[in-house]
Amino acid sequence: MKLIDGKEIANQVKEEIKKEVSQIIDNDEKAPHLAAVLVGEDPASQTYVKNKEKACKRVGMISSVYNMSAETSQKELLETVDFLNNDPEIDGFIVQLPLPDHIDEDTIIQSIKPGKDVDGFHPVNLGKMMLGQPAFLSATPNGIMELLERSNIDTEGKHCVVLGRSNIVGRPISVLMSQKEKPGNATVTVCHSRTHNLEEYIKQADILIAAIGKQEFVTADMVKDNVVVIDVGIHRVTDDTKEKGYRLVGDVDFEGVKKKASAITPVPGGVGPMTIATLLKNTLKAAKKEV
Ligand code: GUN
């Protein structure tokens, strides 16, 4: 069994980005600049944004944060997005989600200039991805493709079963896995909450991508020998033996499934660490005007 070490691979990606950023700076060009808009004081969002700032610093990018109160109106947020869309100093930006209930997320996402949408959530970027054109790919699907590529997982002609059809993971990863690329060229089945006989599909998977948000749902008896498992889930389980009082688990029973898998991502330390690395990759692409 090969452990797909997301932390290690994310570090490799960040080191490569750091080298490219220092070359840009050595050429007397401006360092890439990523901005984040944070509305309200959700602690998880604050942590995400702090981690993004730290990651930017580490690779030599400029980062800025626009903190806005939870009472910010949709109009005010649209004005901030408009400012960032037009500020030539800023290469790419994200509006941290979730937004307060009185703000319509789709309206905000659609107001972001696609060429600066480093989250890859804008319909133009999703449409380009569908067509196989250069686009900003969102963090998790992008991170999964990077993990598969750098772990030399052969995907061509394989049966990839995706559990979950969300707009941010299941649906985009199903498109990427079926595209005529490497990694890709897989035969893809998307399973979801209404799928009949789910276990029959899971059993057929050469590559299983679990993104259903159900704690340790996939167990060893469900998978076939030598399956490649990518676990996107992240759940807190109370654990008094841990200092924090909890531990993290995924959508897959790691200890059981690893005995049958040929390769598997752990939780934590699998898909999670890749997300910031791919956001930085997108910011670099934005600065180089590659999308
Ligand atoms: N909230 C949790 N993850 C993300 C992300 O990747 N992008 C944005 N904008 N908000 C998030």
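Each ligand, and each atom within it, is numbered from 1 in the order the structure gives.
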Give yes or no for whether the N/O distance cutoff of 3.5 Å, strictly under, is met between [X] and ligand 1.
X	result
A139	no
L97	yes
K52	no

* Mind checking whether T275 contacts ligand 1 via backbone (N, CA, C, O), side chain (CB onward), both or neither, at a 4.0 Å heavy-atom cut-off? =>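 Neither part.
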
* Using heavy atoms and a threshold below 4.0 Å, how should the contact between D119 and ligand 1 be classified: side chain, backbone, both, or neither? ->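 Near ligand 1, D119 shows its side chain, while the N, CA, C and O stay back.
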
* State plainly whether the residues K281 and E290 are in salt-bridge range, i.e. N to O under 4.0 Å. =>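 Result for this pair is no, no salt bridge flagged.
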
* Between D91 and K288, is a salt bridge (charged side-chain N to carboxylate O under 4.0 Å, His left out) present by the stated rule, with each step listed? -> CA-CA 9 Å; D91 297 295; K288 290 160 69 181; over 6 Å; no

* Do the side chains of I9 and S151 get nearer than 4.5 Å, heavy atoms only? ->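 In short, these two side chains touch, coming nearer than 4.5 Å.
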
* With a 4.5 Å limit on heavy-atom distance, are the side chains of I264 and I4 in contact? ->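 When only atoms from C-beta onward are counted, I4 and I264 do not touch, as no gap falls below 4.5 Å.
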
* Determine, step by step, whether Q179 and M145 satisfy the side-chain contact (heavy atoms from CB on, under 4.5 Å) criterion, reporting the C-alpha distance in whole Å, the side-chain angles of both residues, the deciding distance to 0.1 Å, and the verdict. => CA-CA 12 Å; Q179 72 186 350; M145 296 307 275; 4.2 Å; yes

* Asked: Can you find a side-chain donor-acceptor pair between H33 and S64 that sits under 3.5 Å?
  ->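 Yes, S64 and H33 have a side-chain donor paired with an acceptor closer than 3.5 Å.
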
* Which of the atoms of ligand 1 are close to V95, meaning less than 4.0 Å from one of its heavy atoms? ->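 Selected atoms, number and element: 8 (C), 9 (N).
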
* To do: Could you find the nearest protein heavy atom to atom 11 (C) of ligand 1 and give me its residue, atom name and distance?
  =>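 Checking every protein heavy atom, the shortest distance to atom 11 (C) of ligand 1 gives Q96 NE2, 3.2 Å.
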
* Among all protein non-hydrogen atoms, which one is nearest to atom 2 (C) of ligand 1, and what is the separation to 0.1 Å? ->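 Closest protein heavy atom to atom 2 (C) of ligand 1: Y48 CE1, 3.5 Å.
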
